[in-house]
Structures are given as structure tokens and as C-alpha cells.
Trainee: 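Quick one: structure below, then a few questions.
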Number of protein chains: 2
Amino acid sequence: MEKLRSFLKKYIPQSDVEDLIGSFHKVRKLKKRTYLLKPGQDCSFLAFVKKGTFRVFFYDGEGTEVTVWFSWEGMMIGDLLAFYKQSRAIFYVQAVEDAEISIVNGKELERQYASNPEYLEFGRRYAEHVSINVMERMLSLQTKSAEERYLELLANPGYMKNIPLKYIASYLGITDTSLSRIRKNIS
Amino acid sequence: MEKLRSFLKKYIPQSDVEDLIGSFHKVRKLKKRTYLLKPGQDCSFLAFVKKGTFRVFFYDGEGTEVTVWFSWEGMMIGDLLAFYKQSRAIFYVQAVEDAEISIVNGKELERQYASNPEYLEFGRRYAEHVSINVMERMLSLQTKSAEERYLELLANPGYMKNIPLKYIASYLGITDTSLSRIRKNIS
DNA sequence: CCGATTTCTTGCCATTTGGCAAGAAAAACC
DNA sequence: GGTTTTTCTTGCCAAATGGCAAGAAATCGG
């Protein structure tokens, strides 16, 4: 639970987070390529990634897979859009490699918020953090070329190293063919 | 204050919001094309738009204006990215037409959160709402053509009707030249 | 280790979007 | 109302990205 503790402490460093940690009680292991969520399912929970990598994706109007988000060890995963909208799952959430997660149910989380306003502050700060990340990705999509966006990804640690290029391509908003050509250009 | 009340009630319908309303005490009027914020300024506040329209923009590496966001009557405005990151302003925030706003200072807002956990819940729900909006715009940028994105905008009420096309173009992530051609195509 | 499957690259050509510059149209200003 | 400034459109051509299909390369699964 050490990783979960330091994750939570990032948002509410002053608070005792033991009760909150305790509410992430359901543990699941997922084999590579299996699904944590599919569209239409109940997705009123958040999961903390203890091990592995996930991707969030859907099929667009033409039946093409679009990867919306990735999540690695030490981060949260789930269908956050649907979670915040309080709707059924919109996306697929799939393990990109063998993974292990701890889950907190949405109702349980609300109870934690109600019992301790410091946890409510966690909810707020986490949502703000999500806003920041999504805004920055949005800006990148709005203003940068596919090649620039790809270089941006590579600038990060080695996060992308086990991710198939076709997932990365759709995350960048381009086809795998185009990404392949961009890679050729760069090298 | 009626509009502000119903805005706040959208997020915390059960709560008495009078104290929170009271904290939006500073009122400002801005003439068309004047700035509420410029990069580097202190932007630790939120403003509620009582009248008028705003846009958030910056200059990219090539010195081209990029419109990031719009805000209309009944919504909040400010440099939300910098506000959440607790940094100095990153963007310009400009009145697109004569406008009037009510401002709440960030520190004051924190005091409200501290004094009443129900207001903290407002902070959380609003950040979640922002996440939803930004995610949806991000998805649109990632998966749709410029023409589809433009039609999407038009599908809304008459929101865009006083906005110069060049601002809309940069909001869509294209040049004004391209938008002009798209418009020709459509009609 | 080997066959089956998935992923990645490449060629050819189409479509979308951009850059620049000139002129038309609209809006702002006095 | 007329002048100035800003915004919008268009033509010409370039660059970026896509679609399809074939084959190469890598990975998977026993």
C-alpha cells in the first residue's frame, strides 16, 4: 500500500490517509489484453494501478480504435469521463500488460468524503489535477503537429516503451501509417 | 445575483449558497477588446460572467494567436489552467464584447471551503465539470476533422454569433483561411 | 522451436490543411 | 458619412496526413 499512500499524500499531504487507503479494498489482477471495463457497464469506481499499464479507448464512427488515455503504475485508472458524468461506461479500459489494481467504489468514496472533509479535498484536488492534464493534452492536440506531439511523448521517461505503436498513433490522433512515416523522418 | 445563485446551485443544489455568493464581491466592467488577464499576472481568482463574452488565448511559438476557450454569460472565466496549477497567468483573457463580471479571490474561496465543507463540494464538482468539458473538447480535437468540429460548434445555440471567425478558426486548431474554405464547402 | 497472429513499414495516390498575398467585405472610428 | 482598420475570402501551390494493400518484422502461444 506504500505507493497508494504516497499517491494520496500528493493531494492532501497534511492528512492521515489510512481510512481512505482502507476503502481501496477490492484487489484485482488482469491479464494482458483483458478488460477492466466495457461500454455500458457500471463504472462508478476508481482503481489505483499497483502494477502494469492500462489504456482507455473506443471505436469511432468508422469502427477505428481510438486510444484516449494511458495509465501506468502509481496512477488511477477507470472511465473517468463516465465516472464524473455519473453515467454508464463510455469507453473500454484494457490492460496493456499483466496488471494489478486496488479498487474503491464510488459510493464508498462518497461515504469517505462525508465522514472526513479532508478527503473531500482530495476529491477536489484530484479533479483539478485531471483538469490540468487534460487541458495540456488538449492544447497539444490543438496547436502541435503530429510529429511534435510524438516527440513530446518520447521526451517522457520510458513510459511508452511497451506500448504498441498503433495505440500510440491513435492516441496522437493519427493513423499507424502516418506514425510510421513520422518515425522514419525522425531517424 | 440571481444568475450566480443558479450557477452555484447547479453544483450544490442542497446547500445554502448565500455566503458563497457574498464572496464574489468584487465587480468589474470591461470594454470590448480589453484584458482581464495577461500572462505573468496574478490570476488566483475566478470570475462569474454576468454579461458579455470572453476568450482565453495565447501566442504560439510562431507568434500566431491561439484561442483556447470561450466563456459566455452565466459561466466562469479566468486562467483556469494557471489557477489550478497555482502559477502566474499563462494566457490572455480578453473581453470579446463589453462585459461585466463578479470576482472571487482564490484565498477568499479557500476560506469559504474551510468554513463550510459543502462549499468544498462545490469546488470538487466544478473541477469535475471542467474535466468533463475539457475531455470532450480533447476527444473532438483528437478524432474529428476540422469541418466536423466546426459543425459541432454551429449545432450549439447562437453562442458563436458575435465571435470573429478568426478566433473560431484558431479555437478549432486551423487557420482562418482553412475555415473560410470549410464554410464555402458547407454552403 | 515453429506456425499463427499481430504489428509495423512502404509505395502509390487522394484529401485535408497550410502559407502567402491580394482584394472584397465588414466593422470601427471620428 | 466617409476614412481607416480589421476581418474574410480566394487563387496558387506546398506540406501533412490518410486509405489501401502487400510484404516484412515482431510477438504470441503452445
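Sequence lines set the chain letters: A, B, ... in the order given, protein chains first and strands last, and positions in each chain run from 1. Just so you know, these numbers use all the heavy atoms, side chains as well, and skip hydrogens, waters and symmetry mates.
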Trainee: With sequence neighbours excluded, what pairs up with A/Glu65 under the side chain to side chain donor-acceptor pair (under 3.5 Å) test?
Mentor: A/Arg55, A/Tyr59
Trainee: Please list residues of residues 51-63 of chain B whose heavy atoms come under 4.0 Å from any atom in DNA chain D, ordered by number; otherwise none.
Mentor: none
Trainee: Restricting to side chain to side chain donor-acceptor pair (under 3.5 Å), what partner residues turn up for B/Glu108, sequence neighbours left out?
Mentor: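 Once residues adjacent in sequence are excluded, the partners of B/Glu108 under the side chain to side chain donor-acceptor pair (under 3.5 Å) criterion are B/Arg111, B/Gln112.
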Trainee: Which residue pairs pass the side chain to side chain donor-acceptor pair (under 3.5 Å) test when at least one of the two sits in residues 79-88 of chain A, sequence neighbours left out?
Mentor: A/Lys85-B/Glu136
Trainee: Would you please name every residue forming a side chain to side chain donor-acceptor pair (under 3.5 Å) with B/Ser178, sequence neighbours left out?
Mentor: B/Thr175
Trainee: To the nearest Å, how far apart are A/Leu172 CG and D/dG18 C1'?
Mentor: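 One finds 15 Å between C1' of D/dG18 and CG of A/Leu172, rounded.
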Trainee: Please state how far atom CG in B/Asp98 lies from atom C1' in C/dA27, giving the value in whole angstrom units.
Mentor: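 Going from CG in B/Asp98 over to C1' in C/dA27 covers 15 Å.
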Trainee: Report the residues that fulfil salt bridge (charged side-chain N to carboxylate O under 4.0 Å, His left out) with B/Glu148, sequence neighbours left out, ordered by chain and then residue number.
Mentor: none
Trainee: Provide, to the nearest angstrom, the distance between the CD1 atom belonging to A/Ile186 and the C1' atom belonging to D/dA16.
Mentor: 14 Å
Trainee: Remaining members of B/Tyr171's ILVMFWY cluster at a side-chain heavy-atom cut-off under 4.5 Å?
Mentor: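 Listed partners: B/Phe70, B/Trp72, B/Met75, B/Val96, B/Tyr150, B/Leu151, B/Leu153, B/Leu154, B/Tyr159, B/Met160, B/Ile163, B/Leu165, B/Tyr167, B/Ile168, B/Leu172, B/Ile174, B/Leu179, B/Ile182, B/Ile186.
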Trainee: Going 5' to 3' along nucleotides 4-16 of chain C, which nucleotides have protein heavy atoms under 4.0 Å from the base (write B), which only from the sugar-phosphate (write S), and which from neither (write -)?
Mentor: --SSSBBBB----
Trainee: According to salt bridge (charged side-chain N to carboxylate O under 4.0 Å, His left out), who are the partners of A/Glu62, at least two apart in sequence or on a separate chain?
Mentor: none
Trainee: List the residues meeting salt bridge (charged side-chain N to carboxylate O under 4.0 Å, His left out) with A/Lys144, not counting sequence neighbours, and say none if there are none.
Mentor: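 Salt bridge (charged side-chain N to carboxylate O under 4.0 Å, His left out) check on A/Lys144 returns A/Glu152.
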Trainee: Partners of B/Arg125 by salt bridge (charged side-chain N to carboxylate O under 4.0 Å, His left out), sequence neighbours excluded?
Mentor: B/Glu121
Trainee: Can you measure A/Leu151 atom CG to D/dA16 atom P for me and round it to whole angstrom units?
Mentor: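 Atom-to-atom, A/Leu151 to D/dA16, this comes out as 13 Å.
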Trainee: Using five pairs at each end of the helix from C/dC1-D/dG30 to C/dC30-D/dG1 to define an axis, what is the angle between those two axes, to 10°?
Mentor: 70°
Trainee: Mind running side-chain contact (heavy atoms from CB on, under 4.5 Å) on B/Val130 and A/Met135 for me, showing each step along the way?
Mentor: CA-CA 9 Å; B/Val130 170; A/Met135 281 184 206; 3.7 Å; yes
Trainee: Tell me the interatomic distance from A/Glu147, atom CD, to C/dT17, atom P, rounded to whole angstroms.
Mentor: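 The distance from CD of A/Glu147 to P of C/dT17 comes to 19 Å, rounded to the nearest Å.
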Trainee: So, B/Gln142 side chain and A/Ser170 main chain: donor-acceptor pair closer than 3.5 Å or not?
Mentor: yes
Trainee: Considering just the side-chain nitrogens and oxygens of B/Lys32, establish if one lies under 4.0 Å of OP1 or OP2 belonging to C/dA28.
Mentor: yes
Trainee: Without decimals, in angstroms, what is the distance between A/Gln142 CD and C/dT17 C1'?
Mentor: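 Computing the A/Gln142:CD to C/dT17:C1' distance gives 15 Å.
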